[in-house]
*Asks:* 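Got a structure here, written out as structure tokens. Questions coming.
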Amino acid sequence: MNSLNKIKTSLFLTTVFFAFINSYSQVHDTGLENITSKSLMQTVQTLCSSEFDGRLPGSEGYNKAAQFAADKFYELGLWHAGDEQYFHYLNVEYNKIESPAIFKTIVDGDMANGVIGKDFVLRGFTGSNSFTLPVVFCGYGISRPDIGYDDYAGVNVKNKVVMVFKQNPKWKNDDKDWGTNYPREKSLVAKKHGAKGILFVSLPNDEKPQPLIGSVMHGEGEQPVDFPQLHISLDAANKLLSKTGFSISDCQAKIDEKKKPLSMNLTTKAQIEVHASYEKNARTMNVVAMINGKDEKLQEEYVVIGAHLDHVGSQAGLLFPGANDNASGSAAVLEIAEAFIKGGIEPKRSVIFVLFASEEQGLNGSKHFVESWKKGYDKIIAMINLDSIGYGDSIQVGNGKSSPDLWNLARRIDKEKFNLVVEDTWNGGGADLTPLYEKDIPGLYFVSKYSYEHLHLPTDTPETLNPELLESIVELAYLTARDVADGNYSKEITIK
Ligand SMILES: [Zn+2]
């Protein structure tokens, strides 16, 4: 090899080397440059505003949020892929909780006013009523004589309010399963025994007892529309127990130790007033847009970039803004769509952008999407799910154990550009990825590590987010999706 060739070869290798290391850090990558913390945070702010009212499916606020997303897709010139324009409709249960919401404890005639958000919250599927009634403590609120355990044996709860643990025991009775512990199911058990309302208490002896969260997970059964369901603080529970000499923590300890009920009629009372209006079939919608792939063959294959738009709404004026969960992921989907368009990206495969409804109520929007995707779910090559990506300081990419090729692709991009992804991952999908995982669709679940400090609390506000981290996760998800859409990934077998 002469010296000129040597120079040529070394120039060539240098070029290849720099082309390789620069593949994700080109000076001008208009798509990437379009992703900024500023515009992401602007979208998060908008989605968290009181106008959108916590984005509960079925509500006016959710519809406005869906329209906001559809308008954005329209402005970008994306194809609509819903039943009607960008909207992909489904029906869900909906419960609107209005003011006033009253909870007072009465001990020896002394009344203490409960403050919503501090002393109590309402369950998403609370019923309505107004009364002042004695309270009965009923342990775990389980009535299973069939397996030899009944918290309702030996107490009379008729025309009273029961106070029960929200969760089920961590131990088993004769090695038998307790079944589910959803609030509506425990409420129906209490109602069957004659109670008029229910007060849920988090397990006090957990390392970190569950705070008073907004939640619309409710379980099976007919909605008891006249039956208030509250989640009260440990302090409020202790007030109601104050004449017994036991604290709520003592009660749990005694039941867990003996594995026997410790139910008791209390001399204290609760005053409750709740106004809710329930709809069994309220119409809501996913918002779906698409870029058609430019490769004649590969355009029949789809890459889905999705996030849930919904959150848990508001109750009697208490707003759950859901900034991290999941205004952050929703903003990401809109921002990535914009990056594809503004970056002039013409992917080989088709790309679907979807904002799901009703994740919080049990993945209803993503289930409906995968079941009714007209082109067939087997044509979906991969899904990128973005859920709670703005709080904390590092990135976790989930489902890597089920889709290792995809995971390695994202990891490689991360190593070259961000170095923010933590080592641990999981298998089995997770949240809106689960219905797709169950159809053997490979996928990644982007989430910020330790994301859940403010989970379902009124404090999940835009101010708590880390805008730089949010921007990096969105860029990483964008680059990963772009690579998959460009054909640099073949559908792998999902490892179950
Ligand atoms: Zn959530």
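Whatever order the structure lists ligands and atoms in, that order sets their numbers, starting from 1.
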*Asks:* Please state whether the separation between the Zn ion (ligand 1) and some N/O/S atom of D387 is under 2.8 Å?
*Replies:* no
*Asks:* Would you call I198 and K166 a side-chain contact if the rule is heavy atoms closer than 4.5 Å?
*Replies:* no
*Asks:* Among the N/O/S atoms of D325, select the one at the shortest distance from the Zn ion (ligand 1) and name it.
*Replies:* OD2
*Asks:* Please assess Q85 against Y74 for the test side-chain contact (heavy atoms from CB on, under 4.5 Å), listing each intermediate value before the final yes or no.
*Replies:* CA-CA 9 Å; Q85 301 289 326; Y74 178 77; 5.7 Å; no
*Asks:* Can you classify the ring geometry of F73 versus F353 as parallel (below 30°), tilted (30 to 60°) or perpendicular (above 60°)?
*Replies:* tilted
*Asks:* Report yes or no: does H308 have an N/O/S atom closer than 2.8 Å to the Zn ion (ligand 1)?
*Replies:* no
*Asks:* Is there a side-chain contact between S187 and F125 in this structure, where contact means two heavy atoms from C-beta onward sitting under 4.5 Å apart?
*Replies:* no
